[in-house]
Amino acid sequence: TLWSNGKTTYLGSLGGLSGASAINNSGQIVGNYLVGDSYEQGNPIVHATLWDGNTISDLGTLGGINSYANSINDYGLIVGLSDISDNSTYHATLWNGSSIIDLGKLTGSINSSANAINNLGQIVGQSFYNIVGNSATMWDGDSIIDLNSLLDSSIVNAGWVLNEANDINDYGQIVGTAYNYQTGRFGPFLLT
């Protein structure tokens with residue numbers, strides 16, 4: 001649903017249940033929808049979706065079953081995640097209007113997710129490891145950066161790990177969730 005100027009507009013779906021997750025300054029909206037009756041059949045299939053004016057588009061996948069759109073910038077670049085062809089692994093994904101790009105993951109990790117993109121094309125999210133948790137990740141051009149590598153040693157020695165990056169603005173400020181393995185507490189972080 002879109003709420004604008006006191007009006008509520010149902011965005012529609014490509015068949016199944018749908019939900020919106022982000023909107024840009026041009027009014028383009030991204031989110032996800034359940035494909036057909038897959039939910040009722042007990043095996044939900046989810047696809048990333050773009051609502052652009054009166055057009056609804058299925059954004060496709062990286063060859064697997066599911067995909068999710070999490071964010072869109074003012075240039076229409078969309079990020080999220082998609083299953084790859086083995087359907088047991090998912091990677092951070094960029095939809096640029098003409099192709100679907102596998103953004104990859106940090107070395108040694110199993111899965112990755114892109115949560116946000118700014119107007120400079122910088123993308124943040126996280127890479128997931130099998131046992132040791134996840135690590136806040138940034139994709140900047142051709143570089144994949146573990147944001148923990150940018151922390152001062154005093155923060156690392158105090159037990160803090162940046163788990164996930166949830167958003168990035170056009171100044172490069174990143175917010176997300178950190179975990180302190182010495183105290184067992186979670187907390188928000190701002191990385192500038």
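Along the sequence shown, residues carry numbers from 1. Fair warning: this is a prediction, and the values are worked out from it, not measured in the lab.
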Any idea which heavy atoms bring Trp95 and Val79 closest together, and the distance? CZ3-C, 3.9 Å
If hydrophobic clusters are built by linking Ile, Leu, Val, Met, Phe, Trp and Tyr wherever their side-chain heavy atoms come under 4.5 Å apart, do Leu162 and Tyr181 end up in the same one? no
Is there a chain of hydrophobic side chains (I, L, V, M, F, W, Y, each step under 4.5 Å between heavy atoms) that links Ile100 to Leu77? no
Quick one: do Trp160 and Met138 end up in the same hydrophobic cluster if we chain Ile, Leu, Val, Met, Phe, Trp and Tyr together by side-chain heavy atoms under 4.5 Å apart? yes
For the pair Asn148 and Val161, evaluate side-chain contact (heavy atoms from CB on, under 4.5 Å) and give the outcome as yes or no after the intermediate values. CA-CA 7 Å; Asn148 287 286; Val161 175; 3.8 Å; yes
Is it the case that the side chain of Asp102 and the backbone of Thr93 share a donor-acceptor pair, with hydrogens and angles ignored and the cut-off at 3.5 Å? no
Rounded to the nearest 0.5 Å, what separation is found between the CG atom of Asn180 and the OG1 atom of Thr183? 3.5 Å
Is the backbone N or O of Gly12 less than 3.5 Å from a side-chain atom of Trp51, with the two atoms forming a donor-acceptor pair by type? yes
Gly104 and Ser112 have their tightest heavy-atom pair at O-OG, 2.8 Å
Do the side-chain N and O atoms of Asn169 and Asn118 include a donor-acceptor pair separated by under 3.5 angstrom? no
Separation of Ile78 CD1 from Ile29 CD1 (nearest 0.5 Å): 11.5 Å
List the atom of Pro44, the atom of Leu34, and the distance in Å for their closest heavy-atom pair. CB-CD2, 3.7 Å
If only atom types and distance count, is the side chain of Asn111 paired as donor or acceptor with the main-chain N or O of Tyr90 below 3.5 Å? yes
Evaluate side-chain contact (heavy atoms from CB on, under 4.5 Å) for Leu191 paired with Phe189, printing each intermediate quantity in order. CA-CA 6 Å; Leu191 187 63; Phe189 73 82; 4.0 Å; yes
In terms of heavy-atom contacts, Leu14 and Ser57 come closest through CD1-C, 3.8 Å
Side-chain heavy atoms of Ile174 within contact of Asp167, under 4.5 Å: no
Can you name the side chain to side chain donor-acceptor pair (under 3.5 Å) partners of Asn115, sequence neighbours left out? Ser113, Gln126
Exam field: side chain Asn166 to backbone Gly176, donor-acceptor pair closer than 3.5 Å: no
From Asp74 CG over to Ser26 OG, what is the distance, rounded to the nearest 0.5 angstrom? 6.0 Å
Would you say the side-chain atoms of Asp140 pair up with the backbone N or O of Ser143, donor to acceptor, closer than 3.5 Å? no
Does the side chain of Tyr68 reach to within under 4.5 Å of the side chain of Val46, using non-hydrogen atoms? yes
Mind telling me whether Phe186 and Tyr179 have parallel, tilted or perpendicular rings, with 30° and 60° as the class edges? tilted
Taking C-beta and beyond as the side chain, do Asn134 and Glu164 meet within less than 4.5 Å on heavy atoms? yes
Please confirm whether the backbone N or O of Ala48 pairs with a side-chain atom of Ser67, one donor and one acceptor, at under 3.5 Å? yes
Kindly determine whether Ser135 and Asp146 satisfy side-chain hydrogen bond (donor to acceptor under 3.5 Å, both in side chains), including the steps that lead there. CA-CA 7 Å; Ser135 187; Asp146 182 341; 2.7 Å; yes
Are the side chains of Asn119 and Tyr75 in touch, meaning some heavy atoms are under 4.5 Å apart? yes
Please tell me if the side chains of Asp170 and Gln122 come closer than 4.5 Å, counting only heavy atoms from C-beta onward. no
Report yes or no: does His47 contribute a side-chain atom to a donor-acceptor pair with the main-chain N or O of Ile65 at less than 3.5 Å? yes
Without swapping roles, check the side chain of Asn70 against the backbone of Ala114 for a donor-acceptor pair under 3.5 Å. yes
Close side-chain approach of Asn73 to Asn24, heavy-atom, < 4.5 Å: no
Look at the side chain of Asp52 and the backbone N and O of Thr55, then say whether any donor-acceptor pair between them is shorter than 3.5 Å. no
Tell me, with the steps shown, if Leu62 and His91 meet side-chain contact (heavy atoms from CB on, under 4.5 Å). CA-CA 8 Å; Leu62 290 171; His91 286 180; 4.2 Å; yes
If you look at every heavy atom in Trp139 and Gly125, which pair is closest and at what distance? CZ3-N, 3.7 Å
Can you name the one residue among Thr107, Leu103, Thr137, Ile123 that meets side-chain contact (heavy atoms from CB on, under 4.5 Å) with Ile144? Thr137
Which atom pair, heavy atoms only, marks the closest approach of Leu94 to Ile117? CD1-CD1, 4.3 Å
I would like to know whether Asn157 and Ser154 meet side-chain hydrogen bond (donor to acceptor under 3.5 Å, both in side chains); could you show each step before the answer? CA-CA 5 Å; Asn157 292 338; Ser154 64; over 6 Å; no
Are Ser21 and Val30 close enough that some pair of their side-chain heavy atoms sits under 4.5 Å apart? yes
For residues Leu2 and Ile72: do they belong to one hydrophobic cluster (side chain heavy atoms under 4.5 Å, members Ile, Leu, Val, Met, Phe, Trp, Tyr)? no
So, do Thr49 and Asp58 sit near enough that their side-chain heavy atoms are less than 4.5 Å apart? no
For the hydrophobic clusters of this structure (ILVMFWY residues joined by side-chain heavy atoms under 4.5 Å, transitively), does one cluster hold both Ile110 and Ile84? no
Could you go step by step and tell me if Leu106 and Tyr129 meet the side-chain contact (heavy atoms from CB on, under 4.5 Å) rule? CA-CA 9 Å; Leu106 290 174; Tyr129 296 89; 3.5 Å; yes
So the side chain to side chain donor-acceptor pair (under 3.5 Å) pairs with at least one residue in residues 7-18 (sequence neighbours excluded) are Trp3-Thr8
